[in-house]
Amino acid sequence: MTSYPMLIDGKEMAGSATFTDQDPSTGRILAEVARGHPGDIDAAVGAARKAHERWRRTKPAERARILRRISELITRDREQLADLESRDTGKPLRQARADADVAARYFEFYASAIEVTYGDTIPVAPDLFVYTLREPHGVTAHIIPWNYPLQIGARTVAPALAAGNCCVLKPAEEAPLTAIQLGRLALEAGLPPGALNIVPGFGEEAGAALAAHPGIDHLSFTGSVEVGKLVSKAAAEHVIPVTLELGGKSPNVVFADADLGTALPVVVNSIIQNAGQTCSAGSRLLVESSVHDRVVAELVDRFQQVSLGPGPADPDMGPLISASQLQRVSSYVDLGKGEARAVTGGGPPGDSRLKDGFFFLPTVFDDVPPEAVIAREEIFGPVVAVTAFADLAEAIRLANSTDFGLVAAVWTRDVTTAHVMASEIQAGQVFVNTYGASGGPELPFGGVKRSGHGREKGLEGLLEFTRMKTVAMKLDTATYPGAA
Ligand code: ADP
């Protein structure tokens, strides 16, 4: 069995204990991983602090050069990383390849961005010269989930490093392998030891120790609302800024005038991608009444054609991440059967070849009342809740009827409908006649309401990892030529 270490201060460390990492397609053990404990977190934060003294003074062009090199190494190892990600998370190989490509893009994008990020001068008065500096926070902590370890790992550390921070990254216990591999590639690329420390381990142990550590200056968290609240409270003890990305219950809103032939495959993909275990999954489908029956019939037909299998076999959809996730999705679906009509799916597949993995059939619930639990809570599985609407006002009301607000998509040919929806929907991203924009590192991403706060991706994502300093310098105006 392969062993995976922690990476602290540029060194691979076995740690005093280990945990096992499971292959969700087969239930078999995939790797043995170092189990970070609070002492390791302390060492990693110390190493990051030490490295930061040098890294923050490194020229942006030099930081950019190293980040570009990391991007190149991810691309060099694309197949190996994709295979590892596919085995660790269960996701289809082509999705894992896309994740590796997007991870490489994050490093490339933020390498470019840091070279053109400047402060301002503020012309207040002739005798006051005012300018602003964007400085790194210092040591940044990054706690990430298991659904996109490589992509989210890159999304959060690339801008932090670009801005001059040094990082401690804690991947999720369910899928830590590609994040560890990313740390190795960063070292190979020439990132100074200690600038990116990777400490795998359990949430309540390594994660909680990291969030509460007095030596961190910023915390970036992607995961559940419950844990988001916990880590926010821990960070509040030290009054540090926090970026939270906490998931969603994102709607596809399909109007009768939409190009249904284009919309439907995208709507299906938005929920089956990563077996629905995506923060921005299109887990609700709001459809105008006059096309409801047609849309649902086609949706069911497409769901029934989705192929299931182990990630590396590259099916349409892989398994859920773990037995407990399977249990969670099954409970929601059982509950949903009392709230709405399950029209396809509704349980694990019958195929005996899949019996050891954590597979669940793509499931459609129709006629879901907006107050139903399955219409409001994040299930994190391949389950879509369909609700019909009569008009634009009802579409807006339904779109905003959950506590979440991460992403939404509007499908219409009418430009006014598109603009009104984009303006009225409470979400961090609204797509019109598309969904997700292929990961789009350029597009600011984040939530409103319980989906979180702060923005990742895009230039906004870089600025989150800086703090602004204003310098005001009093000048002696008598020195100006011609001054009296
Ligand atoms: P999910 O529902 O996606 O598993 P979690 O919020 O449980 O989301 O996990 C996201 C990340 O938060 C993982 O890296 C996990 O180890 C970590 N985590 C879980 N519990 C805690 C905690 N009490 N403190 C800090 N991190 C935690």
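Whatever order the structure lists them in is the order used to number ligands and atoms, beginning at 1.
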Between Arg94 and Asp316, is a salt bridge (Lys or Arg N to Asp or Glu O under 4.0 Å) present by the stated rule, with each step listed?
CA-CA 9 Å; Arg94 64 184 176 281; Asp316 295 328; 3.2 Å; yes
Close side-chain approach of Lys449 to Asp403, heavy-atom, < 4.5 Å:
no
With the side chain counted from C-beta on, respond yes when Glu85 and Arg97 share a heavy-atom pair under 4.5 Å apart, and no when they do not.
no
Going through the distances and angles, do Arg302 and Gln305 end up as a side-chain hydrogen bond (donor to acceptor under 3.5 Å, both in side chains)?
CA-CA 5 Å; Arg302 286 176 181 273; Gln305 289 173 36; over 6 Å; no
Does the side chain of Val383 come within less than 4.5 Å of Phe365's, by heavy atoms?
yes
Could you go through ligand 1 and list every pair where one of its N or O atoms sits under 3.5 Å from a protein N or O, giving the atom names and the distance to one decimal?
residue	atom	partner	partner atom	Å
ligand 1	4 (O)	Trp146	NE1	2.9
ligand 1	6 (O)	Ser224	N	2.9
ligand 1	6 (O)	Ser224	OG	2.7
ligand 1	14 (O)	Ile144	O	2.7
ligand 1	14 (O)	Lys170	NZ	3.3
ligand 1	16 (O)	Lys170	NZ	2.9
ligand 1	16 (O)	Glu173	OE1	2.6
ligand 1	16 (O)	Gly203	N	3.4
ligand 1	24 (N)	Gly203	O	3.4
ligand 1	24 (N)	Ala208	N	3.4

What pairs with Ala234 under side chain to side chain contact (heavy atoms under 4.5 Å, CB included), at least two apart in sequence or on another chain?
Ala211, Ala212
